[in-house]
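One structure is given below, encoded as structure tokens.
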Amino acid sequence: MIFTFFWVYIIFGGCTEPFSPDIPFSDSLLVVDATITNELKNHEVFLSRSTQGDEEPDLESNATVRIVDDSQQQFSFTETETGTYVSDVMFGAEPNRSYRLLITTASGREYASSPAVLPPQTTEIADVYAERTTTESGLDGMGIFVNSFDPTGNSIYYKYEYEETYKIIAPRWVPFGFAIINENPLIVDVRSRQGQRICFASEESNTIILTNTSGVGEDRVTDFNIRFINRDDYIISHRYSVLVKQFVLSREAFEFYEKLQDFSGVESLFSDSQPGFIVGNIFPQDSGNDRVVGIFEVSSVSEKRLFFNYSDFFPGEDLPPFVDDCPPGSTSAPESEELLRLIRANTISFSNFNQNPSPGQGRWFVQPRVCGDCTALGTEAIPDFWEE
């Protein structure tokens, strides 16, 4: 999400009169995404370099990454793939300890965070529920809501993330598929097959979701909407699950994400109050004046999972439209190099037999792969947590 800082070119590239906001860019700012929690696990740190416009970020490789607590206990991280650093051992942030992130890049530049402490874990998600709702703009769909309560009043600052998983059923699946018997001369046939009808796909949230209870009577999050899914979105067509994570943040971390959230809004570019460069808590350790985008965050976390079926909230109603219209018997396919190319490219699937082919037609009807093969959208592996 921290890459939203560099989106200005994309937004305004198509304006009738190009607008160039005065935002301090650098050729190569270090971008850090680093969060550790009280969960016992292998934590991750992501490093990259900023780019302008629609260029992909440059991943920062061959860095040395460590986290050190106030007792001088060190946790080393190893680069498992370019720009991704994973702790060598499982650990969880502990109360009454402070932690610092230390980074040495391949070029020898050193960066360190300010000390960060674990906020008090005095609250957990009390409830995650789904409800059919209508937005202010009149859209019908499903809302995902969260409730939590901290009787001590110590939590106050919250950030939410979610991972949604959904079942996909290929709408025109048939128990047959193409098989290339020989290429020269070309011989294509149809064979019976198993699978490729039911799959699962997962997606993670990619927006900043914040709330706080500062200035209200009690530290209670009530019916907080973290996700809206339009009823026309195919991901809720069958069975849907969402894992919601609630992070209790420090005030410093909350304010950083709040500024980042404001900065990523188009309207902020035209407001009288410009956020400018968003200062985090990671700084160079030499006399250089380069800046770092990102924050080292230590957070307590709780989570809860929810399942629901489309029929639970839309009984007797048509399913949402699929990603393709999938007309029956869409195209007759003669045996040709073009058919071979499409089969190799995995862009089509078998639809039906053409019992009475006309001149120039083939023995089969074909369809877009997604209509008869769910693996175009997901995987057949059933998630460990899945419940029917």
Side-chain angles (χ1 to χ4, degrees), residues 1-5 7 31-39 43-44 46 116 118-119 121-137 139 141-150 154-166 202-216 219-230 233 235-236 240-268 275 278 280 293-308:
M1 62 182 69
I2 58 180
F3 302 132
T4 54
F5 182 82
W7 83 139
V31 181
V32 180
D33 181 0
T35 299
I36 64 171
T37 70
N38 56 343
E39 300 168 287
H43 294 275
E44 296 180 323
F46 305 94
L118 181 70
Q121 188 187 17
T122 52
T123 182
E124 294 187 353
I125 296 178
D127 185 32
V128 174
Y129 69 94
E131 184 175 279
R132 185 171 179 175
T133 186
T134 303
T135 66
E136 292 181 357
S137 59
L139 295 177
M142 295 300 303
I144 309 297
F145 299 88
V146 175
N147 292 321
S148 71
F149 175 54
D150 179 3
N154 291 324
S155 298
I156 303 176
Y157 302 105
Y158 301 91
K159 177 166 70 80
Y160 292 92
E161 297 176 359
Y162 61 82
E163 182 180 22
E164 54 190 359
T165 303
Y166 46 92
S202 294
E203 297 177 18
E204 296 182 350
S205 53
N206 60 1
T207 57
I208 303 171
I209 308 170
L210 302 172
T211 191
N212 74 89
T213 59
S214 176
V216 300
D219 193 357
R220 185 186 297 274
V221 177
T222 303
D223 302 329
F224 182 58
N225 184 200
I226 67 161
R227 174 81 164 108
F228 173 78
I229 310 170
N230 191 305
D233 193 329
I235 71 173
I236 60 172
Y240 172 93
S241 177
V242 61
L243 177 67
V244 177
K245 289 191 173 186
Q246 174 182 273
F247 297 84
V248 177
L249 305 181
S250 66
R251 180 175 179 177
E252 176 188 40
F254 182 85
E255 290 178 348
F256 174 86
Y257 285 115
E258 195 172 42
K259 291 175 182 177
L260 187 62
Q261 187 181 51
D262 290 342
F263 198 82
S264 64
V266 175
E267 66 278 1
S268 68
I278 304 173
V293 180
I295 190 169
F296 172 55
E297 174 190 350
V298 181
S299 175
S300 59
V301 63
S302 65
E303 61 184 41
K304 197 174 265 306
R305 181 174 292 281
L306 166 75
F307 289 87
F308 68 82

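Counting begins at 1 with the first residue of the sequence. Computed from a predicted model, the values in this text were never measured in an experiment.
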Q | side-chain contact (heavy atoms from CB on, under 4.5 Å) between V146 and D127, intermediate numbers included | A | CA-CA 6 Å; V146 175; D127 185 32; over 6 Å; no
Q) Heavy-atom distance under 4.5 Å between the side chains of Q246 and V301, does that happen here? A) no
Q. Between L210 and Q261, is a side-chain contact (heavy atoms from CB on, under 4.5 Å) present by the stated rule, with each step listed?
A. CA-CA 9 Å; L210 302 172; Q261 187 181 51; 3.9 Å; yes
Q | Heavy-atom closest contact (F254 atom, T211 atom, distance) | A | CE1-O, 3.4 Å
Q: Considering non-hydrogen atoms only, spot the tightest contact between P119 and S299 and give its length.
A: CD-CA, 3.9 Å
Q | Side chain N225, main chain G143, donor-acceptor under 3.5 Å | A | no
**Q.** Carboxylate-amine/guanidinium contact K159 E161, below 4.0 Å
**A.** yes
Q: Could you check if a side-chain atom of T133 sits within less than 4.5 angstrom of a side-chain atom of F228, using non-hydrogen atoms only?
A: yes
Q.
I need the single residue from L243, I226, V244 that forms a side-chain contact (heavy atoms from CB on, under 4.5 Å) with V128. Which is it?
A. V244
(Q) Can a side-chain donor-acceptor contact be found between D223 and Y129 if the only test is distance below 3.5 angstrom? (A) yes
Q) With no hydrogens and no angle check, do the side chains of D219 and Y158 hold a donor and an acceptor under 3.5 Å apart? A) yes
Q: State the CG-CD distance between L249 and E297, to the nearest 0.5 angstrom.
A: 5.0 Å
Q. Short question: side chain of D150, backbone of S155 - any donor-acceptor pair under 3.5 Å?
A. yes
**Q.** Spacing of I36 atom CD1 and L118 atom CG [to the nearest 0.5 Å]
**A.** 8.0 Å
**Q.** N-O pairing of E255 and K259 below 4.0 Å
**A.** no
**Q.** Verdict with supporting geometry, T222 and N147, side chain to side chain donor-acceptor pair (under 3.5 Å)
**A.** CA-CA 5 Å; T222 303; N147 292 321; 4.9 Å; no
Q.
Given the ring of Y157, does R251 sit roughly above its face, with NZ or CZ under 6.0 Å from the centre of the six-membered ring and within 45° of the axis?
A. no
Q: Report yes if the side chains of E44 and F46 come closer than 4.5 Å at any heavy-atom pair, otherwise no.
A: yes
Q: Return yes if a side-chain donor-acceptor contact under 3.5 Å exists between S241 and R305, otherwise no.
A: yes
(Q) Centre-to-centre under 6.0 Å for Y160 and F224, is that the case here? (A) yes
Q.
Could you walk me through whether T134 and L139 satisfy the side-chain contact (heavy atoms from CB on, under 4.5 Å) test, starting with their C-alpha distance in whole Å, then the side-chain angles of each, then the deciding distance to 0.1 Å, before giving a yes or no?
A. CA-CA 5 Å; T134 303; L139 295 177; 5.9 Å; no
Q: Answer with yes or no after comparing the ring centroid distance for F308 and Y240 against a 6.0 Å cut-off, counting only values under it.
A: yes
Q. To the nearest 0.5 Å, how far apart are OH in Y257 and CD in E252?
A. 11.0 Å
Q) Taking the side chain from S205 and the backbone from T207, do they hold a donor-acceptor pair closer than 3.5 Å? A) no
Q: Among S300, S302, S148, find the one that has a side-chain contact (heavy atoms from CB on, under 4.5 Å) with V248.
A: S300
Q | Check: F149 main-chain N/O paired with T123 side-chain donor or acceptor under 3.5 Å | A | yes
Q.
Within the 3.5 Å criterion, strictly below it, is a donor on T135 or S137 matched to an acceptor on the partner's side chain?
A. yes
Q) Do you know which two heavy atoms are closest between K245 and I125, and how far apart they sit? A) C-CD1, 4.4 Å
Q: Check whether any side-chain heavy atom of R132 lies under 4.5 Å from a side-chain heavy atom of M142, and answer yes or no.
A: yes
Q.
Is there a side-chain contact between V293 and V32 in this structure, where contact means two heavy atoms from C-beta onward sitting under 4.5 Å apart?
A. no
Q.
Go through it in stages, so that I can follow the logic: the residues are E164 and R227, the test is salt bridge (charged side-chain N to carboxylate O under 4.0 Å, His left out), and I'd like the CA-CA distance, side-chain angles, deciding distance and then a yes or no.
A. CA-CA 10 Å; E164 54 190 359; R227 174 81 164 108; 3.0 Å; yes
Q | Criterion side chain to side chain donor-acceptor pair (under 3.5 Å) on E39 and T37, from CA distance to verdict | A | CA-CA 5 Å; E39 300 168 287; T37 70; 2.8 Å; yes
